[in-house]
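Note sheet for the following structure.
Sequence lines set the chain letters: A, B, ... in the order given, protein chains first and strands last, and positions in each chain run from 1.
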Amino acid sequence: MLEVRNLHARVEGQEILKGINLTVNAGEVHSIMGPNGSGKSTLANVLAGNEAYEVTGGEVCMDGKDLLDMSADVRACEGVFLAFQYPVEIPGVTTSYFLKAALNARRKHRGQEELDAMDFLKIVKEKAKLVDLDARLLNRAINEGFSGGEKKRNEIFQMAVLEPTLAILDETDSGLDIDALKIVAGGVNKLRSKDRAVIVVTHYQRLLDYIVPDFVHVLVDGRIAKSGGKELALELENKGYSWVADHSAETATSA
Amino acid sequence: MLATTQETNAYDTHHNALTGDGVRGNPDWLCSIRKAAFARFNELGFPTTRHEEWQYTNVAPIAREQFRIGVAGIVPTADELSTFSLEEDCAARLVFIDGRFSTVHSAVASLPDGVTVCSLAEAIVTDGSPVASFLAKHATYEDQAFTALNTALLEDGAFVHVRKGTVLERPIHLLYWSTAPEELAASLPRNLIVAEESSQLTVVETYAGANGSSYFTNTVTELIAQDNAVVDHYKINREGDRAQHIGHLQVHQTRDSNVTAHAMTFGGSLVRNDIGTVLDGEGGECTFNGLYMLKGSQHVDNHLLVDHAKPRCDSREIFKGILDDSSRGVFTGRIIVRKDAQKTDGKQTNQNLLLSDDAKADSKPQLEIFADDVKCTHGATIGQVDSDAMFYLQSRGLCKEAARNLLVYAFASDCVSRVRIDSLRSQIETLLFDRLLEGQRPGEAT
Ligand SMILES: Nc1ncnc2c1ncn2[C@@H]1O[C@H](COP(=O)(O)OP(=O)(O)OP(=O)(O)O)[C@@H](O)[C@H]1O
Ligand SMILES: [Mg+2]
């Protein structure tokens, strides 16, 4: 589904991604871990099409289409979704208004008819329940005055409504209590299917108890230093990132 | 026709005609007001950018032209005017064509006891009218040339008088239409609104006109809110694209009165709104809410003066500007807190959103505080559409234009939501959206 080849990217003139290779097949869940500042969010943003990040080399294909050639909104319409590490507060725009616009933009892109208010409301109610989000929050300005947990659940809620084919979750688990974590994980697991793929960026192995990944990648200094199965997450938990960093020289030369 | 006597100033001619002996509508009290104002206008002359109060706004295009009073173009049809009217049941709708009351376009439903709504010209010649005791008492013109000119030439406009304890729920709509004939035309509406003790009313002033040729509107409204009166005032500027509009709203408030005035500017090429109040009684409250959405080379200057003369009054000013192309928005917020005005609470905010690199905003707070126990804050921002918010919306599937439009709309939304007349609020929303879609560059459309 997703093919990332030798991806390089810069932020404000500084090279952050230094050659990422990653293949994600439909039906798989990949976890990306790594120390602070290693480039995890940069990768997530580049995949979602944030123009603040400049791609300086490499390729990204989704279902055979060149993703880098598309603007963020077209990628979204093609099925990419990013749950933000730091969801943005937007005063004056309610979540429900904007989500309806987003959902209809996608439907239009696919040649489907736009949803009317009633159908939309039905979907919204059902999905809000799924993530245990107070539906009243949806009539408030996007994320404005939301608690950290509410913001993260709002991301998962939007994901549930938009039903992406490739969902990228950037530290959606950080700072959540165990109940909220279970809700978030439940939302993701519900989305899992043979036609979809999920990339979970996280710091903590804890989330992976609830969302069991097929693959774990460790990102160090803009490169994937190590890849493995779900047991790699446990090993990291025990040995720390320095253990991978020490090995990364070998991995790099063997690549 | 050759105009050989162009050298004679049009304002002179008109003033002389108004104040001549035996002219109807020229009672002695008014004659002396007009004459004193004209003398002052001639002393002052039009301001230049050397005046501190006019530093950012050059009125040379008005000063150098000979605008004529009483020349008219094509009178609009009822249909043309209907896009400017309110859908609500209005207590009265007064239409002024080129500054003069138009009976055929106007409609005054049966008004409750204690409410007078008529043209100022009529009020002036009505025996026993209270006009003489209020007119030109508060819109002082010592330093305001345009107000002096308006006073010197005042003739018609709206007179609204609500007696003690009378509550008028339905709005009064005043619509000023300029026909914009090819020869340069001026209109000088003069309005007087008096809300007596514990009365309540809502007045909407809409200024509009034909596009294509230059005209000059010089309008003055005096609003007197007596003890415990509650007044909502709206000024919607939808002037023609080549209009020069200079307006002055002067409010006078006494004890426990509450005035909210909205100034929404969309039209005109050169616009100045002087908005002032004197909080002249304890417990008074005023809210000035403003929005200006500009394109092309529009220049709009909002100039506020809140004079806290007595203790325990609250003032709120929230003005927002959305500036596209090479337009320019100016905001000056002067707050004076007099020595007596302890426990004053004043808050002023001006925020500007620049949609183009060539747009420019100036924001100037001026706090003059002579009392010691006061709370006065001001804040100003000038910025672009937030790129993080843009990406957030786009990452969900909204195209660039839709995302931008939504954010611009959101920026203005609190100003719009404060409009309490439903059809007026949706009118403003429509104006906002139309302007946004208009601004959409070719190729970016979806
Ligand atoms: N918008 C930006 N402007 C400037 N520098 C940035 C920006 N975004 C990221 N960086 C820099 O790029 C590097 C990688 O940041 P990134 O956010 O991708 O790391 P991360 O792995 O997600 O870290 P964390 O675990 O803290 O979320 C850091 O040095 C960071 O300071
Ligand atoms: Mg990050």
Measure distances from [X] to the heavy atoms of chain B and classify the residue's part below 4.5 Å as side chain, backbone, both or neither.
X	value
A/Ile142	side chain
A/Gln158	side chain
A/Leu82	both
A/Arg75	neither
A/Val80	backbone

Heavy atoms of other groups near A/Tyr97 OH, more than 12 under 6.0 Å =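 Count not over threshold, so no.
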
Looking at A/Ala105, A/Ser71, A/Gly49, which has the largest count of heavy-atom pairs under 4.5 Å with chain B?
->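 Greatest number of close heavy-atom pairs with chain B: A/Gly49.
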
Proximity breakdown for [X] and chain A, heavy-atom pairs closer than 4.5 Å:
X	result
B/Leu393	both
B/Ser395	both
B/Asp414	neither

Can you say whether the rings of [X] and [Y] are parallel (under 30°), tilted (30 to 60°) or perpendicular (over 60°)?
X	Y	result
B/His245	B/Tyr207	perpendicular
A/Phe84	B/Tyr392	perpendicular
B/Tyr409	B/Phe433	parallel

Using a strict 4.0 Å threshold on nitrogen-to-oxygen distance, state whether B/Lys235 and B/Glu205 make a salt bridge.
->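 Salt bridge absent between B/Lys235 and B/Glu205.
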
Pair B/Asp301 + B/Arg272, salt bridge at N-O below 4.0 Å |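 Counted as a salt bridge, because a side-chain N and a carboxylate O are separated by less than 4.0 Å.
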
A/Glu171 and A/Tyr86: CA distance, side-chain angles, deciding distance, side chain to side chain donor-acceptor pair (under 3.5 Å) verdict = CA-CA 9 Å; A/Glu171 306 222 12; A/Tyr86 304 108; over 6 Å; no

